[in-house]
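Written below as structure tokens is the structure these notes are about.
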Number of protein chains: 2
Amino acid sequence: MDKICPVVPLPLDEVVLADLMEDAKDFAFSHGLVFKLRKVLPYDYSVTFIPFALLPSPWPKDQYDMVCQLQKDINLIYYRVSNNFDFLKKSLQQICEFDEWTRRLWQIYERTYESQKDVLSLCIMRSDYMVGHDGLAKQIEVNTISAGFGGVSPIMLAQHKYIMSKLHLHNFRRALPENAGTRVALGLAQAWEAYGNREAVICFVVEDVVYNTYDQRQKELALTEKYGIDTHLIVRKKNSDLLRVCVKDGKLFLDNIEIAVVYMRTWYDPSQINSEELWRIRELIEKSRAIKCPNIAWHLSGSKKIQQELARPGVLERFCDDVEQVRRVRSVFAGLYVLEEAKTLEMVLADPERFVLKPQREGGGHNIYGRDIVPFLKSLPAPRRHEFIAMDIIEPVSCKNYLVNRDKITFTEVANELGIFGYVLGDFRRIVHNEANCGWIFRAKDAKSTEGGIAAGYGHLDSPSLV
Amino acid sequence: MDKICPVVPLPLDEVVLADLMEDAKDFAFSHGLVFKLRKVLPYDYSVTFIPFALLPSPWPKDQYDMVCQLQKDINLIYYRVSNNFDFLKKSLQQICEFDEWTRRLWQIYERTYESQKDVLSLCIMRSDYMVGHDGLAKQIEVNTISAGFGGVSPIMLAQHKYIMSKLHLHNFRRALPENAGTRVALGLAQAWEAYGNREAVICFVVEDVVYNTYDQRQKELALTEKYGIDTHLIVRKKNSDLLRVCVKDGKLFLDNIEIAVVYMRTWYDPSQINSEELWRIRELIEKSRAIKCPNIAWHLSGSKKIQQELARPGVLERFCDDVEQVRRVRSVFAGLYVLEEAKTLEMVLADPERFVLKPQREGGGHNIYGRDIVPFLKSLPAPRRHEFIAMDIIEPVSCKNYLVNRDKITFTEVANELGIFGYVLGDFRRIVHNEANCGWIFRAKDAKSTEGGIAAGYGHLDSPSLV
């Protein structure tokens with residue numbers, strides 16, 4: 001299976017298409033399916049719609065059900081990884097030697113580890129999958145910091161239901177699974193509740209310039225409208241504002257306001273951290289009793305290196321409850337390889353089209369594919385090979401759809417990636433909440449493109465029509 | 001009383017203000033409080049927020065209650081006017097001689113009048129008021145075609161509630177009256193139901209380039225989500241699309257689809273009608289059995305001339321049920337004068353600052369104020385004086401507020417105008433629905449400005465905090 005039939009016969013009649021396009025864009029603008037676009041539009045007073053697939057794309061129902069059910073296992077495993085000092089140390093040791101970013105995070109972790117054992121932390125996670133030609137879902141990566149687009153994806157679903165209704169195809173609406181995407185906000189509310197001071201605030205730490213701000217706003221709104229947190233208890237701060245934090249009796253304060261929960265929507269990329277002072281502040285925050293989302297242990301657990309270590313024979317067993325759980329989780333692992341082993345390096349160089357090289361870091365857009373791998377690896381000094389892992393490339397199934405981006409509509413073969421949201425609230429000893437029913441993000445990209453980032457203009461929001 | 005206290009002590013602290021501004025703009029973008037801005041932004045893929053007052057502005061509660069209750073009377077009176085051929089003829093006769101626009105509408109009315117007696121029509125109305133220094137609300141005008149901003153005003157209210165919560169001022173939320181602004185869509189749904197063909201559609205006739213499209217979209221959504229009209233039964237067409245309509249057995253068809261309701265969101269300004277063919281089509285539509293919102297009788301009843309005729313001694317009595325109703329309605333009438341009478345012309349020229357000159361037409365932005373009146377009237381040929389009416393200018397009460405427009409925030413004294421929505425569905429013999437509980441639009445403008453149009457950049461959406 002390399003192609004799936006689209007949900008309606010395509011191409012659409014031109015007049016129908018033109019009307020649907022206008023309907024879809026207007027729906028997006030009426031419902032906040034938007035982001036900032038600084039390069040072209042005035043940042044202060046304009047937005048553009050988030051690029052989207054005009055029609056929902058088909059995805060295998062059995063694989064959707066399977067990865068949804070799997071999220072509880074993924075949550076549990078990453079919780080256990082994040083609390084296993086020795087495993088993290090052994091896995092990341094070599095990377096720390098060469099990669100300053102990981103090393104500095106590690107140093108904070110090492111210095112604050114003991115003090116944080118009894119402090120709750122929250123991780124909002126997203127596990128991403130693609131379906132290969134064999135019809136099976138494979139895990140692409142696990143995001144443990146700043147996992148985005150859960151706030152706006154339910155709006156994308158509503159838009160697709162609306163578009164299906166416009167086409168008078170009500171039956172197709174049934175194939176679209178519900179999306180509890182703002183449910184991760186419940187994790188923030190539960191963390192706030194657990195912190196135990198009803199005057200303390202939830203602090204969203206955002207990038208200096210935020211493009212995807214309306215995704216975060218949907219979570220703020222869910223906190224208020226669904227989960228009972230008063231609006232004035234939700235604050236948004238930039239890194240530069242955090243320079244004013246201080247810790248008294250273990251409690252974290254910003255401008256004399258106590259912070260219960262620090263929700264990091266930045267700090268996932270080194271470019272966001274431009275001063276020694278910020279590193280000092282990050283450590284101060286980490287050392288405090290405030291509930292971090294995520295703390296540094298969770299953050300480090302999201303490294304590609306951890307994903308690769310878990311895929312080694314015998315490793316997953318250490319973090320699972322039983323063989324059945326191991327079997328379930330392993331079934332979604334693609335082949336993952338360290339490049340420092342001569343055998344795997346040879347394998348990758350011999351057949352580069354089978355692989356993708358991924359750096360340790362979150363954030364996307366830095367992968368190396370196929371033919372680019374050989375010259376890249378040859379130019380890379382041997383000690384720096386630790387910075388990358390090799391992964392079997394997934395040849396995704398694809399189907400025809402319309403991709404809508406600004407004033408451009410492209411009728412093309414698209415490939416999809418499904419991300420499942422979940423969260424864990426817990427401390428060193430126990431999990432307080434392991435919540436897997438937190439919705440999804442479904443993305444479409446031109447099947448010919450290797451890149452799929454939405455903000456970068458390659459990815460498009462989509463919804464799965466389960467087949 | 002010429003000033004009212006703002007709802008919170010002003011000015012706000014600068015840091016608080018900066019945060020509130022960002023919160024308010026993001027709320028607007030997250031909820032579709034937006035419109036198109038073609039001159040600066042790319043029409044196809046961007047929107048800007050609709051200018052707004054950052055805080056709700058105070059308005060007298062007794063006057064708010066009074067004008068809300070009055071809407072049923074206004075609906076009734078304008079229904080009776082629209083069905084009184086002789087009164088319309090007598091009132092508009094002189095205007096028709098000099099004003100081509102009114103004359104052509106009149107001609108269609110005259111030719112189709114008999115055929116339309118048994119055909120239902122819908123009028124979505126908006127009656128606008130300002131409160132003068134005496135603390136009393138006076139009617140500014142009655143709009144009987146394309147009355148806008150009812151769709152987005154409830155979002156403005158939600159935004160103000162959110163801003164009040166951000167300021168931790170929950171008590172102030174109670175002073176903000178609910179807004180059933182999308183309830184006018186119920187009128188469209190009832191008209192569709194009354195038409196009696198479940199396959200026929202509701203056709204929104206929109207301008208060739210629509211700026212305020214998201215206001216209309218809110219009504220479409222209300223039709224589907226609240227009033228049970230299937231999405232595929234709602235279509236949007238431009239005047240140029242209407243050139244394809246035809247009538248068979250009295251039924252109106254566009255591309256073989258039967259139209260139950262024609263909802264005009266254009267045709268209120270002569271500049272929108274650029275061909276003889278469109279006039280022919282307008283007459284064809286008027287002659288059909290489709291339910292027009294509004295039909296031409298309603299359209300003509302919205303002329304300023306009718307407002308002025310109703311204000312003449314003894315006229316209102318002909319359209320009211322009892323003296324109490326006359327008293328209620330007359331209490332909101334400002335002085336309205338015809339300029340063809342030597343006595344009133346003299347009065348206006350002698351003390352121009354007391355008056356505003358208004359042309360017959362809808363759409364706003366064409367009024368002449370104060371000192372500009374004398375040279376204007378002197379240059380106007382005597383026969384053309386019919387085209388204008390003079391109205392007592394209302395010196396509105398004002399209060400301090402922040403007006404937010406694109407990247408500009410102005411801290412200034414603002415004046416407010418309240419519009420009350422209602423609708424009537426009926427034919428020549430009877431009213432089927434007289435619905436007055438259809439919400440409001442509240443606008444703020446710089447108190448020094450004579451113009452208040454939102455699309456023109458002078459007006460700002462606002463909500464009344466009742467005091």
Side-chain angles (χ1 to χ4, degrees), chain A residues 15 19 21-23 25-37 40-49 51 151-152 155 158 161-170 206 210 213-218 220-221 224-225 230-237 241 255 404-408, chain B residues 15 19 21-23 25-37 40-49 51 151-152 155 158 161-170 210 213-218 220-221 224-225 230-237 241 255 404-409:
Chain A
V15 175
D19 281 350
M21 280 275 288
E22 198 178 331
D23 288 335
K25 286 182 188 179
D26 278 3
F27 191 96
F29 283 127
S30 291
H31 291 78
L33 197 70
V34 295
F35 61 12
K36 296 276 184 192
L37 198 61
V40 195
L41 300 172
Y43 184 85
D44 277 334
Y45 63 88
S46 65
V47 294
T48 187
F49 61 85
V152 290
I155 308 173
K161 287 183 176 178
Y162 168 79
I163 290 298
M164 289 290 112
S165 295
K166 277 279 175 194
L167 286 167
H168 206 183
L169 294 167
H170 295 279
V206 302
V210 200
T213 184
Y214 307 102
D215 183 58
Q216 297 165 22
R217 291 289 187 178
Q218 292 297 335
E220 287 188 39
L221 292 165
T224 302
E225 290 165 9
D230 200 291
T231 303
H232 82 280
L233 296 174
I234 306 163
V235 301
R236 294 164 65 80
K237 298 292 167 191
D241 297 314
D255 303 339
V404 185
N405 192 349
R406 304 193 211 174
D407 51 354
K408 204 178 78 189
Chain B
V15 175
D19 280 352
M21 281 274 290
E22 198 178 330
D23 289 335
K25 286 182 189 178
D26 279 3
F27 190 97
F29 284 127
S30 291
H31 291 78
L33 196 69
V34 295
F35 62 12
K36 297 277 184 191
L37 198 61
V40 195
L41 301 171
Y43 184 86
D44 277 335
Y45 62 87
S46 66
V47 293
T48 188
F49 60 85
V152 290
I155 308 173
K161 287 183 175 178
Y162 168 78
I163 290 298
M164 290 289 110
S165 296
K166 277 278 174 195
L167 287 168
H168 205 181
L169 294 167
H170 295 280
V210 201
T213 184
Y214 307 103
D215 183 59
Q216 296 165 24
R217 290 290 187 179
Q218 292 298 335
E220 286 189 39
L221 292 166
T224 302
E225 290 165 10
D230 200 290
T231 302
H232 82 278
L233 295 174
I234 306 163
V235 302
R236 294 165 65 78
K237 298 292 167 193
D241 298 314
D255 302 338
V404 186
N405 191 350
R406 305 194 211 171
D407 51 355
K408 204 177 78 188
I409 179 159

Chain B contact via [X] - side chain, backbone, both or neither, heavy atoms under 4.5 Å:
| X | result |
| --- | --- |
| A:T213 | side chain |
| A:K237 | side chain |
| A:V40 | side chain |
| A:V34 | side chain |
| A:E220 | side chain |
| A:L233 | neither |
| A:K161 | neither |

Determine the option with the most heavy-atom pairs under 4.5 angstrom with chain B, choosing from A:G32, A:A28, A:S30, A:P42.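 Most heavy-atom pairs within the cutoff with chain B belong to A:S30.
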Which value, rounded to the nearest 0.5 Å, describes the distance between [X] atom [atom1] and [Y] atom [atom2]?
| X | Y | atom1 | atom2 | answer |
| --- | --- | --- | --- | --- |
| B:D26 | A:R217 | CG | CZ | 4.0 Å |
| A:T48 | B:L41 | OG1 | CG | 10.0 Å |
| B:Q216 | B:L221 | CD | CG | 12.0 Å |
| A:K25 | A:D407 | NZ | CG | 6.5 Å |
| B:I234 | B:D230 | CD1 | CG | 8.0 Å |
| B:T231 | A:H168 | OG1 | NE2 | 10.0 Å |

Between [X] and chain A, which part of the residue has a heavy atom less than 4.5 Å away: side chain, backbone, both or neither?
| X | value |
| --- | --- |
| B:F27 | side chain |
| B:L167 | neither |
| B:D19 | side chain |

Using side chain to side chain contact (heavy atoms under 4.5 Å, CB included), reason through B:V152 and B:F35 one step at a time and then give a plain yes or no. CA-CA 10 Å; B:V152 290; B:F35 62 12; over 6 Å; no
What class does the angle between the rings of A:Y214 and B:F29 fall in, given that below 30° is parallel, 30 to 60° is tilted and above 60° is perpendicular?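 A:Y214 vs B:F29 ring planes: perpendicular.
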